[in-house]
Amino acid sequence: MKIVIVGGVAGGATAATRLRRLDEKADITIFERSGFISYANCGLPYYIGGVIEDEEELTLQTPNNFWNRFRIKVNVRHEVTSINTDRKTVTVHNLETDDIFEDTYDKLILSPGAKPVMPNLTGIDSDNVFTLRTVEDTLKIHRFVETTKPRTAVMVGGGFIGLEMAENLSELGIKVTVVQRGNQLMNTLDYDMATMIHSKLRSKGLSLKLNADVTGFEEKDDGVSVLLHNDAPIKTDMVILAIGVAPDNTLAKDANMELGIKGAIVVNDKMETSIPDIYAVGDAVQVKHTITGKEAVISLAGPANKQGRISADNICGRNSRYKGSMGTSVIKLFDLTAASVGLTEKAAKDSGYDFESVILSPSSHAGYYPGATTMTMKVVFDKSSFQILGAQIVGYDGVDKRIDVIATAISAGLKATELKDLEFAYAPPYSSAKDPVNMAGFIIDNIASGIVKQFHINEIDTLPKDGSFTLLDTRTEKEYSRGHVEGFINIPVDSLRERLSEIDKTKPVYVMCQSGLRSYISCRILTGEGFDCYNFAGGYRFYESVTNEKIQSEGSYPCGMDK
């Protein structure tokens with residue numbers, strides 16, 4: 001059996017080696033249009049920043065390695081330009097010699113990946129404007145940084161690659177401005193969680209230009225100007241475009257394969273395309289979203305590797321199925337980590353869910369053991385079924401562990417209330433006896449049983465200040481004096497029982513504290529005394545983070561914040 005693979009990065013390389021492990025006699029050929037095989041896309045920014053010092057460490061394998069160990073023929077700098085599905089051939093362009101030839105296949109795997117979105121902007125071909133997708137792109141940027149020593153850079157786009165590049169350039173001493181069309185970076189997070197990313201980047205000296213629309217680039221003698229709609233241009237030494245990727249569907253489209261959303265290649269759960277004997281994997285394909293069941297395009301290395309393995313299994317007669325993707329992801333930004341899985345609140349709303357969320361700020365490990373840090377965790381769930389719809393965590397230590405646990409819980413079909421039942425390894429340096437994931441489960445269980453009623457940050461400004469509600473802050477007097485929400489009176493939780501007479505029992509009571517714990521305890525006291533009580537999700541710490549970001553990005557002072 002002869003198998004041709006188009007593309008030799010994550011999905012293609014994985015498919016090739018899996019094929020060999022399953023079939024020692026198969027004739028396997030990879031055509032890769034770049035000059036490198038099996039390279040680590042996710043590591044590219046770190047080579048530019050000097051974290052990865054050796055260029056060779058970017059490539060996990062070489063063509064020689066593939067041949068010596070697996071007897072797989074790898075042809076780099078070879079671009080497949082067309083597929084003849086009737087004759088089962090591919091046309092190949094040797095980019096080194098300019099020769100064009102045909103090769104035959106019994107089975108074909110397409111792993112072309114995704115291509116950077118390149119808008120039709122004036123000046124985009126400037127020598128000072130770069131994209132980052134391949135090793136060649138990386139080497140080009142690295143040479144530019146090494147030879148010209150830029151003092152400033154503009155990063156257009158606030159996703160994974162864009163922010164990782166921004167961090168690495170900043171660590172080199174380059175003054176970086178991140179330009180983003182929307183009002184937040186990292187659309188895998190809700191706005192309120194993304195504010196912590198904004199704050200971290202600003203604290204490290206980066207400038208954020210949000211709600212900004214790039215209209216073009218203008219070359220200057222000593223750099224390039226980034227032109228903005230209804231705003232002053234930004235003069236800089238270099239620009240990197242990271243405004244998103246689109247499925248590379250040229251071969252599939254020309255071969256009349258079925259295409260889906262965003263032009264992605266439609267495949268079934270065996271990774272088979274609409275044309276017999278042709279499979280497709282990776283960033284170019286459409287998959288089912290694990291949670292919604294709807295079609296999605298999810299460009300991540302983990303899913304691509306799994307799909308490569310599954311396509312190889314099915315070619316070799318095994319019955320492997322791809323169960324879908326839910327977008328589990330993590331990013332390091334300086335000393336901060338942000339991770340997410342599944343749906344944000346915005347995505348849950350767009351998908352038609354009647355959802356609720358909890359926000360908590362647990363410690364990474366036991367507070368009495370040195371080095372504990374606070375993380376902010378949001379878990380989104382369906383109100384009626386308590387299906388876990390997604391989670392977001394931002395913090396410094398243990399973030400990746402907790403997001404992986406929740407991703408596993410989603411895959412296992414656990415309800416949000418069942419997070420409380422999970423058993424974790426515990427020792428003071430690693431966690432608390434009540435792990436953050438357990439704590440989220442406890443809160444959700446309290447909501448399910450009616451023990452807790454919540455209100456959220458988007459409701460703060462709608463709370464009447466005319467005395468018809470009681471707004472209560474149960475932090476200490478010192479905490480309250482450092483900052484509080486306008487209209488909230490201060491009665492510390494430890495004094496609450498003795499001061500119940502100061503609160504009108506006929507009015508709803510909305511309670512806040514620093515993290516949500518003391519306000520929960522206060523609500524239990526008040527509820528036990530016959531009050532109608534609502535606990536603020538996230539606490540004042542969370543509220544302050546979001547409102548301070550509004551001050552930074554909008555230049556206005558939120559009316560609900562009193563200092």
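Keep in mind that what you see is a predicted model, and the values were worked out from it rather than measured.
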(message) For residues 113-142, which residue pairs pass the ring-ring contact (aromatic ring centres under 6.0 Å, His included) check, not counting sequence neighbours?
(response)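 Residue pairs passing ring-ring contact (aromatic ring centres under 6.0 Å, His included), neighbours aside: Y47-H142, F130-F144.
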(message) How about CZ on R181, more than 12 heavy atoms from neighbouring residues, nucleotides or ligands closer than 6.0 Å, or not?
(response)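 Counting neighbours around CZ of R181, 12 or fewer heavy atoms of other residues, nucleotides or ligands fall under 6.0 Å, so no.
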(message) If you count every heavy atom of other residues, nucleotides or ligands that lies below 6.0 Å from N187 atom CG, does the total exceed 12?
(response)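 For N187, atom CG is not crowded (no more than 12 foreign heavy atoms under 6.0 Å).
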(message) Go through it in stages, so that I can follow the logic: the residues are S329 and T188, the test is side-chain hydrogen bond (donor to acceptor under 3.5 Å, both in side chains), and I'd like the CA-CA distance, side-chain angles, deciding distance and then a yes or no.
(response) CA-CA 8 Å; S329 63; T188 55; 4.5 Å; no
Are the side chains of [Y] and [X] in contact, using a 4.5 Å heavy-atom criterion?
{"X": "T344", "Y": "K349", "result": "no"}
{"X": "L206", "Y": "V178", "result": "yes"}
{"X": "R309", "Y": "Y322", "result": "no"}
{"X": "Y279", "Y": "V267", "result": "no"}
{"X": "I406", "Y": "I410", "result": "yes"}
{"X": "S361", "Y": "M377", "result": "no"}
{"X": "V281", "Y": "L110", "result": "no"}
{"X": "V485", "Y": "F536", "result": "no"}

(request) Please round to the nearest 0.5 Å and tell me the distance separating atom OG1 of T134 and atom CG of L44. (result)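 T134 atom OG1 to L44 atom CG measures 7.5 Å (nearest 0.5 Å).
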(request) Could you grab the distance from atom OG1 of T138 to atom CD1 of I52, nearest 0.5 Å is fine? (result)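 Output value for this atom pair is 9.5 Å.
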Determine the minimum heavy-atom distance between [X] and [Y], stating which atoms define it.
{"X": "V74", "Y": "F66", "answer": "CG2-CB, 3.6 Å"}
{"X": "N249", "Y": "G263", "answer": "ND2-O, 2.8 Å"}
{"X": "V330", "Y": "F160", "answer": "O-CE2, 4.1 Å"}
{"X": "G12", "Y": "S111", "answer": "N-OG, 3.1 Å"}
{"X": "A264", "Y": "V297", "answer": "CB-CG2, 3.6 Å"}
{"X": "M165", "Y": "I48", "answer": "SD-CD1, 3.6 Å"}

Using a strict threshold of under 4.0 Å (side-chain N to carboxylate O), is an ion pair present between [Y] and [X]?
{"X": "E549", "Y": "R202", "value": "yes"}
{"X": "D283", "Y": "R133", "value": "yes"}
{"X": "D237", "Y": "K149", "value": "no"}

Quick check against the 3.5 Å criterion: does [X] have a side-chain atom that pairs as donor or acceptor with the backbone of [Y]?
{"X": "S203", "Y": "K200", "result": "yes"}
{"X": "E136", "Y": "G35", "result": "yes"}
{"X": "S364", "Y": "T373", "result": "yes"}
{"X": "Y540", "Y": "H484", "result": "yes"}
{"X": "R151", "Y": "G173", "result": "no"}
{"X": "Q184", "Y": "Y191", "result": "yes"}
{"X": "E167", "Y": "F334", "result": "yes"}
{"X": "E295", "Y": "K288", "result": "no"}
{"X": "D190", "Y": "D192", "result": "no"}
{"X": "Q307", "Y": "G282", "result": "yes"}

(request) Go through the steps to decide whether D99 and H93 satisfy the test side-chain hydrogen bond (donor to acceptor under 3.5 Å, both in side chains), and finish with yes or no. (result) CA-CA 6 Å; D99 291 338; H93 180 196; over 6 Å; no
Using only heavy-atom distances, determine whether the side chains of [X] and [Y] contain a donor-acceptor pair under 3.5 Å.
{"X": "E345", "Y": "H456", "answer": "no"}
{"X": "E79", "Y": "T81", "answer": "no"}
{"X": "T152", "Y": "T236", "answer": "yes"}
{"X": "T62", "Y": "N64", "answer": "no"}
{"X": "R541", "Y": "Q514", "answer": "no"}
{"X": "S82", "Y": "T91", "answer": "yes"}

(message) Walk me through whether L241 and F217 qualify under side chain to side chain contact (heavy atoms under 4.5 Å, CB included).
(response) CA-CA 11 Å; L241 298 178; F217 307 95; 3.7 Å; yes
(message) If you apply the rule side chain to side chain contact (heavy atoms under 4.5 Å, CB included), what do you find for M186 with H198, and how did you get there?
(response) CA-CA 10 Å; M186 295 296 300; H198 300 176; over 6 Å; no
(request) Evaluate the criterion side chain to side chain contact (heavy atoms under 4.5 Å, CB included) for residue pair Y353 and T292; output intermediate values, then yes/no. (result) CA-CA 9 Å; Y353 286 98; T292 66; 4.1 Å; yes
(request) Quick one: do I393 and T376 satisfy side chain to side chain contact (heavy atoms under 4.5 Å, CB included)? Show the steps, please. (result) CA-CA 6 Å; I393 311 176; T376 300; over 6 Å; no
(request) Give me the one residue out of L169, I161, V176 that meets side chain to side chain contact (heavy atoms under 4.5 Å, CB included) with I240. (result)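 In the set L169, I161, V176, the residue that makes a side chain to side chain contact (heavy atoms under 4.5 Å, CB included) with I240 is L169.
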